[in-house]
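Here the structure comes first, spelled out in structure tokens, and everything after it is commentary.
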Amino acid sequence: MKLAAKLSLVSVIAVIAVLAASNYFAAQIAISNIKKDHEAYALKVASEMERSILDAWQAGGVEAMRAALTTKDAPPIARWVWFEESVTSMTRPSAIGDFSKVVTRKEITSFVSTAGDGGHLLHTYYPVDLGAPRSGGLEFTRSLDDYDRETMSKLIEFLSVVGLLAIVSILVVWFAGVRLVARPLTKLTAATERIGEGDYRCRVELSGKDELTQLGQAINKMSSHLEAQKSAIEQETRDKLLVTQQLRHADRLKTVGRMAASIAHEIGTPLSVVSGRAALIAKGNLSPEKVKQNAETIQAETDRITEMIRQVLDFSRQSPSEKTEIDLNEILIEVTELLTTVAERNGMSIESSLAGTPALAFIDGGQIRQVLTNIMVNGIQAMESGGTLYVSLGRFQKETGMDSGDSCFEWEIKVRDEGTGIPAENLESIFEPFFTTKDIGAGTGLGLSLAYNMVQEQQGRIEVSSKEGRGAEFRILLPGLPREG
Ligand code: ADP
């Protein structure tokens, strides 16, 4: 509606401007025709009178000339004027320039002046050469009342047309604008809004062949394209989901297979030892010393089986974590102390660096202790030919990686060893349950997968970077707790 009103207003203004210009030019042409006619009349009359005027001038001067121009019982056709006087006596500043033509070039010239009653008068001057130093001539004057009347009626006509035009255009805007522009536009706007909200099935219903209908058809085309794309994307997503589910299923089968193999190895080997040693004892021909030795071996092997079962149970048990506010420095100290003896016994050392401030976190301390132990033990085991295990705790700014601000930060525990490193092809698998590269009895493949799940439970994450032969670095990131006060 607003658009239709604006368009109509602009076209009405344009029509008014054209009408005004055409009326102005018509008035100019009319006045110029009147001037031409009057000048032709003045030329004819003046050339007829010129001889008798010159005679009167020579006989009795200007008075005689004026008398010659006077007719009995009728106003004079023309009057004698000295041009310099006329210039000063008439209030026509714009005409003075043209008036000089009469004086210098002796041409017939006309001017329009305003009379005292507001009407207009047309003066036409015919120069007469008296052979005197002063210039003068005949002045023919006619009233422009008829022209003024006509101009006024044209003006009234013009204003009536303008008024009528305004009324008609308001009606046009009101009826045609609403019907032809506003309604289709409202439909188009509603449709684009619905499409914007994701309803691609919406269509604009417009009939006709105008631009708005074409726009509606383009919108319909666009929404059907979008609808087709949307269903293609939905189908693709469904397919991907199906593939992911199939992959997960395959992955689960792989894990179960690996678990079965691992358990078979882990339990099978000690069991055969147990059964062999038990058979020896059962024969009854062993010395008490040998019986004792075999019984100890049986005990050690059953302990191994028990430990394996405990780890599997730990892995499968989803015990809820018990979170409390804990200073991570303490956990680091405890685990480092526990493992230093083991490391030193194997010719290695542990270097630890604490946070320097209380490192508060709302976590399950037991689980994080277990995570750190698993990772540090792996590091120690990887340094077959000795080395140092570096453990550090510090703040890590989440977004920027810069150590600034109290909100939105994590605690970062780094464990770096100088061991064998992890081959690139194993990096993706080390967190999978039952993945191990260690010998039977030395590893279950559960340590890192347990650590991964536990850290995730604390809303944290574990990252690893390593190159074969150059050691490995594990980063445990845990959500930080801002210091109070
Ligand atoms: P496990 O130690 O019983 O094998 P984990 O889940 O703890 O089980 O580790 C899985 C595997 O990841 C290990 O067998 C080893 O190949 C690799 N690994 C873990 N930590 C390290 C490390 N620091 N250096 C080299 N390899 C490592």
Side-chain angles (χ1 to χ4, degrees), residues 251-252 254-270 303-317 332 335-336 338-340 342-343 346-352 366-392 412-457 460-477:
D251 204 42
R252 268 201 298 272
K254 198 170 111 190
T255 306
V256 169
R258 213 186 267 155
M259 179 177 81
S262 173
I263 292 174
H265 275 300
E266 286 296 312
I267 298 179
T269 317
D303 282 352
R304 239 176 86 183
I305 295 170
T306 313
E307 174 58 18
M308 173 71 189
I309 289 168
R310 188 192 61 75
Q311 282 197 37
V312 173
L313 284 177
D314 269 358
F315 181 75
S316 56
R317 193 167 41 225
L332 212 74
V335 180
T336 310
L338 190 79
L339 294 178
T340 300
V342 184
N346 291 291
M348 300 158 205
S349 60
I350 299 180
E351 269 187 27
S352 66
Q367 287 198 351
I368 295 306
R369 208 170 286 119
Q370 166 93 55
V371 169
L372 192 59
T373 312
N374 288 359
I375 291 174
M376 285 175 71
V377 166
N378 278 344
I380 293 168
Q381 287 178 347
M383 295 191 288
E384 289 154 352
S385 40
T388 308
L389 187 73
Y390 299 90
V391 192
S392 66
E412 179 190 52
I413 304 173
K414 274 195 215 170
V415 180
R416 184 166 63 81
D417 63 66
E418 297 175 328
T420 51
I422 306 166
E425 67 272 18
N426 286 354
L427 271 174
E428 276 186 15
S429 316
I430 57 168
F431 293 106
E432 284 173 17
F434 301 103
F435 175 85
T436 183
T437 55
K438 292 173 191 169
D439 293 336
I440 297 165
T444 57
L446 288 174
L448 283 183
S449 80
L450 263 173
Y452 190 85
N453 289 344
M454 285 174 177
V455 170
Q456 262 204 336
E457 243 180 79
R461 57 208 157 97
I462 297 189
E463 288 169 8
V464 61
S465 59
S466 174
K467 275 206 178 118
E468 208 174 350
R470 300 242 199 108
E473 182 178 88
F474 284 82
R475 289 172 73 221
I476 306 162
L477 291 141

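Counting starts at 1 for both ligands and their atoms, following the listed order.
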Partner set under side-chain contact (heavy atoms from CB on, under 4.5 Å) for Ser429, not counting sequence neighbours: Glu432, Phe435
Partners of Gln456 by side-chain contact (heavy atoms from CB on, under 4.5 Å), sequence neighbours excluded?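 For Gln456 the side-chain contact (heavy atoms from CB on, under 4.5 Å) partners, ignoring immediate neighbours, are Tyr452.
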Distance check, rounded to the nearest 0.5 Å: Arg304 atom CZ versus Thr269 atom OG1? 6.0 Å
For ligand 1, run through the N/O pairs with the protein that fall under 3.5 Å and put one pair on each line.
from: ligand 1; atom 1: 2 (O); to: Asn378; atom 2: OD1; distance (Å): 3.0
from: ligand 1; atom 1: 2 (O); to: Lys438; atom 2: NZ; distance (Å): 2.6
from: ligand 1; atom 1: 3 (O); to: Thr444; atom 2: N; distance (Å): 2.9
from: ligand 1; atom 1: 3 (O); to: Gly445; atom 2: N; distance (Å): 2.9
from: ligand 1; atom 1: 4 (O); to: Thr436; atom 2: OG1; distance (Å): 2.5
from: ligand 1; atom 1: 6 (O); to: Gly447; atom 2: N; distance (Å): 3.4
from: ligand 1; atom 1: 6 (O); to: Leu448; atom 2: N; distance (Å): 2.8
from: ligand 1; atom 1: 7 (O); to: Asn378; atom 2: OD1; distance (Å): 3.4
from: ligand 1; atom 1: 7 (O); to: Asn378; atom 2: ND2; distance (Å): 2.8
from: ligand 1; atom 1: 7 (O); to: Leu448; atom 2: N; distance (Å): 3.3
from: ligand 1; atom 1: 8 (O); to: Gly445; atom 2: N; distance (Å): 3.4
from: ligand 1; atom 1: 14 (O); to: Thr436; atom 2: OG1; distance (Å): 3.3
from: ligand 1; atom 1: 14 (O); to: Thr437; atom 2: N; distance (Å): 2.9
from: ligand 1; atom 1: 14 (O); to: Thr437; atom 2: OG1; distance (Å): 3.3
from: ligand 1; atom 1: 16 (O); to: Thr437; atom 2: OG1; distance (Å): 2.4
from: ligand 1; atom 1: 23 (N); to: Asp417; atom 2: OD2; distance (Å): 2.9

For Leu372, the option from Leu339, Leu332, Thr336 that meets side-chain contact (heavy atoms from CB on, under 4.5 Å):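 Checked Leu339, Leu332, Thr336 against Leu372; only one passes side-chain contact (heavy atoms from CB on, under 4.5 Å): Leu332.
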Should we count CD of Glu428 as having more than 12 external heavy atoms under 6.0 Å? no
Could you give the side-chain donor-acceptor pairs of residues 464-474 under 3.5 Å, partners two or more places apart or in another chain?
from: Ser466; atom 1: OG; to: Ile422; atom 2: N; distance (Å): 2.8
from: Ser466; atom 1: OG; to: Gly471; atom 2: O; distance (Å): 2.8

